[in-house]
Amino acid sequence: MPELPEVETIARGLAARVTGDVVESVWLGQKKEPLKSPASDITTTLESSRIVAVRRMGKHIIFDLETNGVTPAPAKSRALHKKPQGSARRSNPSSPSMKQIAGAGACPARSQWIVHLGMTGRLQVCEPQAEVEKHTHAILRLSSGRELRFVDPRRFGRLSVAQAADFDAGGVEPLEVDLDRFLTLFRGRKTPIKSALLNQKLLRGVGNIYADESLFRAGIRPRRRASTTTREQLTRLFHAVKEVLKEAIALGGSSISDYVGAEGEEGFFQLQHRVYGREGEPCPLCKIGIKRVVIAGRSSHYCPRCQK
Ligand SMILES: [Zn+2]
């Protein structure tokens with residue numbers, strides 16, 4: 001499952017490839033699960049929109065869209081609601097004449113396409129002749145001639161749109177939050193600090209691996225109640241969370257190729273884990289065995305000596 005650093009890497013890779021491109025037409029598959037917004041809303045919002053930015057918010061990928069005085073394409077191009085048939089689809093490209101330029105001075109309408117990759121979701125930027133993979137749920141044809149495809153075998157990923165660019169993922173951004181705000185997130189919470197770190201309503205985008213690694217660096221046991229952590233410990237945690245995420249982003253950022261993948265394949269999770277997944281192995285600081293406990297159904301790894 002992609003965590004914040006992977007999603008950040010993917011968003012940066014996409015931004016470099018599709019910023020400035022215009023969505024000419026959209027094909028959506030028949031499966032209902034990936035569509036969080038109605039299919040017609042997604043199609044109407046995306047078609048004829050220019051991608052002005054791609055960025056990460058929590059674990060969501062946000063495509064900021066602008067419809068700059070371009071009227072939406074007529075219904076004809078939206079009727080392509082079946083699986084494309086390879087050559088037949090290629091021989092019938094959407095005609096540029098379907099777009100009409102509205103009068104000068106039209107106000108750009110802003111909206112957003114929001115992609116959550118779930119467990120196995122991937123966004124591919126490819127040439128139209130590239131074979132359409134099984135489990136492809138959306139294809140955006142771009143004015144550059146390329147296609148942006150959403151592939152997701154397990155279908156936990158979600159596609160939605162927001163008008164007026166008002167999507168809010170909830171929680172605060174761990175890389176942007178300041179110390180004072182960070183401290184208030186944990187105040188009075190009787191849950192284990194690990195659960196609080198994973199609570200997406202508090203911090204958005206911190207997942208299991210990076211929570212364990214951050215707690216190790218901060219010297220805090222995962223089961224420790226959030227409300228009993230000291231200001232000093234939380235200050236260390238504040239820095240540790242940012243440090244771990246930034247290191248992982250720096251490592252992931254160099255691994256993206258033309259194929260934008262997100263299945264935890266090579267290139268991701270390159271960060272050298274100090275405790276995560278290392279039960280029984282020696283702690284890198286004190287050499288005693290790393291322990292594993294289950295907290296709220298999630299494996300948690302820690303050093304019983306270095307973490308209090
Ligand atoms: Zn240790």
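Keep in mind that this is a model prediction, so the values were computed, not measured. Atoms within each ligand, like the ligands themselves, are counted from 1 in listed order. One is the number of the first residue; the rest follow in order along the sequence.
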### Task
Decide yes or no on side chain to side chain donor-acceptor pair (under 3.5 Å) for R146 and S144, but give the supporting numbers first.
CA-CA 6 Å; R146 295 169 304 169; S144 62; 3.1 Å; yes
### Query
When you look at K194 and R223, which way does the side-chain contact (heavy atoms from CB on, under 4.5 Å) test go after all the steps?
CA-CA 6 Å; K194 168 78 182 276; R223 250 205 298 237; over 6 Å; no
### Task
Mind telling me whether H137 and H135 have parallel, tilted or perpendicular rings, with 30° and 60° as the class edges?
tilted
### Query
Does any non-hydrogen side-chain atom of T136 lie less than 4.5 Å from one of F150?
no
### Task
Describe, in one word, how the ring planes of H116 and H60 are oriented to each other, choosing from parallel (under 30°), tilted (30 to 60°) and perpendicular (over 60°).
perpendicular
### Task
Take the Zn ion (ligand 1) and tell me which protein N, O or S atoms are nearer than 2.8 Å.
C283 SG, C286 SG, C303 SG, C306 SG
### Message
Taking atom CZ as the centre, does R110 end up with more than 12 heavy-atom neighbours from other residues, nucleotides or ligands that are less than 6.0 angstrom away?
### Response
no
